[in-house]
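Throughout, protein chains are lettered first and strands after them, A, B, ... in sequence-line order, and every chain is numbered starting at 1. These numbers come from the heavy atoms of this one structure, side chains and all, not from hydrogens, waters or symmetry mates.
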Amino acid sequence: MKQNYPYRGVKGMKDVFPAEARHYRRLEDRARRLLESCGCGEIRTPLVEHTVLFERGVGQGTDIVNKEMFYVPAKDEEAGPDALRRMVLRPEATASVARAYVENEIDKTAPGVQRYFYLGPMFRYERPQKGRLRQFTQIGAEFLGSPSPGTDAEAIGVLWDFLQGLFLGDLTLLLNSVGCPACRPDYLTALQAFARTRVASLCEDCRARAEKNPLRLFDCKQPGCRTVMAGAPNIQDHLCHDCRAHQAQVLDFLQRIGVTPHLEHRLMRGLDYYTRTVFEVVSQNLGAQNAVAAGGRYDNLIAELEGPATPAVGWSAGVERLLELLPETAPEPWFDVFVVDPGPDLAATFAQVTQLRRQGVRVGLEFEARSVKALMKRADKTGARFTLFVAADHPAQVQLKDMTSGEQTGLAWDQVAVRVLGKHE
RNA sequence: GUGGACGUAGUUCAACUGGUUAGAGCGCCAGGUUGUGGUCCUGGAUGUUGCGGGUUCGAGUCCCGUCGCCCACCCCA
């Protein structure tokens with residue numbers, strides 16, 4: 001890493017070179033295939049949204065909205081005094097999807113269930129650490145329009161299959177219900193009442209949480225608070241009949257596809273829009289940021305954004321975190337053939353190479369005149385299956401060498417493509 | 001926003017309690033008889049020790065500042 005470089009990239013945003021980009025591709029390709037197999041079509045929403053969308057959708061009290069937004073100054077005159085804060089780089093995509101659904105009146109043009117997946121960068125102004133970047137990539141799926149527990153199971157099921165297919169090592173699926181407007185308030189008061197009786201044993205942060213956002217009490221890592229919270233009321237005992245039934249059915253559906261989540265009553269969400277089912281997939285092999293994917297049901301979000309009452313469930317996965325867990329695979333060679341022509345005049349070779357490329361052969365050629373030995377080393381390093389020797393005194397006849405067997409044959413340029421492509425098709 | 005650690009060749013790291021021309025592996029380049037890679041052998045190049053200041057006869061080593069990076073907290077994918 002070059003130090004003191006004046007044009008340094010922005011903190012928490014990284015460059016992805018080809019060697020790493022292929023891992024992204026692998027992951028994205030798999031996600032696309034799987035998500036399309038269950039009816040999700042790709043949706044692309046803008047990277048920039050009005051701030052109010054997230055204030056309303058994600059929640060005024062959340063950290064994402066309060067301290068993690070990247071503001072984009074608005075230039076339009078009607079923006080007014082708040083111009084600096086009018087727009088943001090999206091911190092997540094669910095609110096955008098919901099907004100797009102409402103704004104484009106999808107419920108009227110295409111009534112019924114809509115399913116989308118998205119894939120792209122998200123921005124959060126946080127201090128970077130392991131598994132946390134300021135620009136990171138999420139793959140997500142949103143199933144709009146179905147209140148059925150089967151849809152929850154379907155969403156969770158594809159997520160699980162997606163992750164399993166990547167061979168990421170041990171993953172745990174945590175599941176919980178955060179209730180609905182009918183039962184959650186009761187639970188919150190019960191939890192708060194409990195916390196208030198124990199303020200003396202809680203850390204400073206937790207005392208604030210007890211008043212402001214009691215659900216967060218479960219997240220504290222202080223041993224003292226954890227002990228206290230072990231005796232806290234369990235939300236599972238406070239769910240209303242409908243929420244309880246919903247969860248039971250989700251579990252039943254999941255059981256039929258061989259997915260068994262670990263019921264974790266302390267699992268809560270950082271975003272306000274969740275109702276009922278919430279889930280998270282965690283890995284033991286990451287740092288403190290151990291969640292690789294998370295999601296849940298959000299039955300009120302779309303209505304909250306002035307859309308038609310539309311229940312929905314979705315999730316998103318952190319691509320960079322998944323990448324950390326992805327097992328190493330042998331890199332694909334860049335070329336089928338690497339040309340060894342020590343020159344001095346490479347114009348004719350260049351023309352022949354271009355012909356080969358037009359026929360779909362991946363050919364490596366370097367114009368820098370070097371020794372045959374040096375060029376051979378380059379050929380070897382690229383992993384090309386074949387080396388093609390061009391001699392200045394026999395421009396029509398070339399030598400094709402198989403790098404693994406070492407065997408070498410003389411042939412004309414126009415025979416190369418057939419020979420090379422034929423060998424491994 | 002808070003706390004802690006770190007910053008030495010391309011890279012991974014070394015340099016006793018401050019002491020002379022800052023080293024090694026890997027990588028890179030070139031050779032190993034006159035155009036054929038991977039192994040092996042030989043040789044070679046490369047650092048304003050992140051930057052600025054201070055202490056000292058003397059600083060890569062100590063102190064302060066600054067920038068960067070990492071890890072953790074907060075929070076979260």
Side-chain angles (χ1 to χ4, degrees), chain A residues 1-6 8-12 14 58 61-68 90-94 118-140 159 163 203-206 208-209 213 216 219-222 267-271 279-283 286-296 314-325 338-344 368-394 399-408:
Chain A
M1 193 74 66
K2 197 174 179 66
Q3 303 236 31
N4 270 37
Y5 180 59
R8 204 182 298 114
V10 174
K11 184 201 285 284
K14 62 171 192 169
V58 173
T62 61
D63 274 30
I64 288 184
V65 166
N66 289 333
K67 40 183 254 201
E68 295 175 3
R90 64 179 185 192
E92 60 110 51
T94 301
Y118 59 83
L119 171 43
M122 306 296 158
F123 304 83
R124 252 115 104 159
Y125 193 86
E126 302 180 274
R127 193 83 166 260
Q129 70 181 76
K130 192 175 177 64
R132 177 201 278 169
L133 293 162
R134 287 184 172 185
Q135 177 180 330
F136 59 102
T137 313
Q138 283 191 337
I139 291 178
L159 170 61
L163 298 174
C203 72
E204 206 173 309
D205 285 342
C206 283
R209 289 181 178 121
N213 194 352
R216 296 255 75 85
D219 298 337
C220 189
K221 284 166 186 163
Q222 302 283 331
L267 178 68
M268 300 297 167
R269 304 274 66 208
L271 290 62
F279 52 91
E280 185 166 304
V281 178
V282 297
S283 164
L286 291 166
Q289 312 299 315
N290 64 350
V292 298
W315 50 259
S316 77
V319 172
E320 285 78 10
R321 291 186 186 175
L322 295 177
L323 252 29
E324 282 214 33
L325 297 170
F338 194 90
V339 173
V340 173
D341 182 347
E368 291 65 39
R370 307 172 71 186
S371 70
V372 168
K373 180 170 178 161
L375 288 168
M376 275 300 285
K377 283 191 174 181
R378 299 280 299 121
D380 187 53
K381 227 161 285 173
T382 65
R385 267 175 281 262
F386 297 97
T387 304
L388 194 65
F389 293 96
V390 184
D393 43 346
H394 303 100
Q399 297 287 319
L400 186 68
K401 175 169 181 169
D402 184 314
M403 292 296 269
T404 42
S405 70
E407 72 185 63
Q408 187 171 322

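For a distance-only test at 3.5 Å, the side chain of A:Q399 fails to qualify as a donor-acceptor partner of the base of B:rU36. Between the side chain of A:D380 and the base of B:rG38, no donor-acceptor pair under 3.5 Å is found. In terms of polar N and O atoms assigned as donor or acceptor, the side chain of A:R216 never comes within less than 3.5 Å of the base of B:rC75 in a complementary pairing.
You'll find the side chain of A:W315 stays beyond 4.5 Å of the side chain of A:V281, heavy atoms only. Residues A:E92 and A:S316 form no side-chain contact, since every pair of their non-hydrogen atoms from C-beta on lies 4.5 Å or further apart. No side-chain heavy atom of A:R385 sits less than 4.5 Å from a side-chain heavy atom of A:T404. For the pair A:S371/A:M376, no side-chain contact is recorded, criterion being any heavy-atom separation below 4.5 Å from C-beta on. Looking at heavy atoms from C-beta onward, A:L375 lies out of side-chain contact with A:F389 at the 4.5 angstrom threshold. In this structure the side chain of A:L163 reaches within 4.5 angstrom of the side chain of A:L322, judged on heavy atoms. Looking at A:R321 and A:F136, their side chains never come closer than 4.5 Å, going by heavy atoms from C-beta outward. Contact annotation: the side chain of A:Y118 never approaches that of A:I139 to less than 4.5 Å [non-hydrogen atoms, C-beta and beyond].
In this structure, the side-chain contact (heavy atoms from CB on, under 4.5 Å) partners of A:T382, at least two apart in sequence or on a different chain, are A:F335, A:F338, A:A384.
Side-chain proximity of A:R132 to the nucleotides B:rC71, B:rC73, B:rU36 is greatest for B:rC73. Counting only heavy atoms from C-beta on, A:K377 has its side chain closest to B:rG37 among B:rG37, B:rC74, B:rC69. Checking B:rA77, B:rU36, B:rC75 against the side-chain heavy atoms of A:F389 singles out B:rU36 as nearest. Considering only side-chain atoms of A:A288, the nucleotide from B:rG37, B:rC73, B:rC76 that sits closest is B:rC73. You'll find that the side chain of A:M376 is closest to B:rU36, out of B:rU36, B:rA77, B:rC71. Between B:rA77, B:rG35, B:rG37, one nucleotide has an atom nearer to the side chain of A:R321 than all others, and that is B:rA77. In the set B:rC75, B:rG35, B:rC71, B:rC75 carries the atom at the smallest distance from any side-chain atom of A:K221.
Salt bridge status for A:E280 with A:R269: present, with a side-chain N to carboxylate O gap under 4.0 Å. A salt bridge links A:E324 with A:K130: at least one charged nitrogen is closer than 4.0 Å to a carboxylate oxygen.
B:rC51 and B:rU61 are spaced 11 Å apart, taking the P atom of each and rounding to whole Å. Across the C1' atoms, B:rU34 and B:rA45 are found 26 Å apart, a figure rounded to whole Å. Nucleotides B:rA59 and B:rG53 are separated by 13 Å at their C1' atoms, to the nearest Å. Here, B:rG27 and B:rG68 have their C1' atoms 25 Å apart, quoted to the whole Å. Straight-line distance between the P atoms of B:rU2 and B:rC13: roughly 29 Å, to the nearest whole Å. The P atoms of B:rU33 and B:rC26 are separated by 23 Å, rounded to the nearest whole Å. Spacing of P atoms, B:rA5 relative to B:rU49, comes out at 24 Å, to the nearest Å. Using atom C1' as the reference point in both B:rG25 and B:rC71, the two lie 28 Å apart (nearest Å).
Distance A:D219 CG to B:rA77 P: 11 Å, rounded to the nearest Å. Residue A:Y5 contributes atom OH, which lies 18 Å from atom P of B:rC51 at whole-angstrom precision. If you take CG of A:L286 and P of B:rC71, they are 11 Å apart, rounded to a whole angstrom. For the pair A:I64 CD1 and B:rG1 C1', the computed distance is 17 Å after rounding to whole Å. What separates CZ of A:R269 from P of B:rC75 is a distance of 13 Å, to the nearest Å. Atom CD of A:Q129 is separated from atom C1' of B:rC75 by 9 Å (rounded to the nearest Å). The nearest whole Å value for the distance from the NZ atom in A:K130 to the C1' atom in B:rC69 is 14 Å. In this structure, the CG atom of A:N213 is 8 Å from the P atom of B:rC76, given to the nearest Å.
Counting only Watson-Crick or G-U wobble pairs whose defining distances are both under 3.5 Å, the stems of 3 or more consecutive pairs in RNA chain B are B:1-4 with B:70-73, B:10-13 with B:23-26, B:28-32 with B:40-44, B:50-54 with B:62-66.
A:T387 OG1 to A:M403 CE: the interatomic distance, rounded to the nearest 0.5 Å, is 3.5 Å.
Contact annotation for A:L133: base contact, defined as any heavy-atom pair under 4.0 Å involving a base atom. In this structure, A:E320 reaches neither bases nor backbone, as no heavy-atom distance under 4.0 Å exists between it and the strands shown. Here A:K381 lies in heavy-atom contact (under 4.0 Å) with sugar-phosphate atoms only. Nucleic acid contact class of A:E280 (heavy atoms, under 4.0 Å, all strands): none. Among the protein residues, A:K373 comes within range of the nucleic acid bases, having at least one heavy atom under 4.0 Å from a base atom. Residue A:A379 is classed as having no contact, given no heavy-atom separation below 4.0 Å to the nucleic acid. Residue contacts for A:M122: at a heavy-atom cut-off of 4.0 Å it reaches no nucleic acid atom on any strand shown. The residue A:G295 sits apart from the nucleic acid: no heavy atom pair falls under 4.0 Å.
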### Query
Just by protein heavy atoms under 4.0 Å, how would nucleotides 2-11 of chain B read 5' to 3' in B, S and -?
BB---B---S

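Using a 4.0 Å cut-off, no side-chain N or O of A:R8 falls inside it from OP1 or OP2 of B:rC51. A close approach under 4.0 Å does not occur between any side-chain nitrogen or oxygen of A:Q289 and OP1 or OP2 of B:rA77.
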### Task
List the steps and the verdict of side chain to side chain contact (heavy atoms under 4.5 Å, CB included) for A:Y125 and A:K67.
CA-CA 7 Å; A:Y125 193 86; A:K67 40 183 254 201; over 6 Å; no

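Closest-nucleotide positions on RNA chain B for A:S316 and A:G406 were compared, and the one nearer the 5' end corresponds to A:G406. Between A:D205 and A:K401, the residue whose closest nucleotide on RNA chain B is further toward the 5' end is A:K401.
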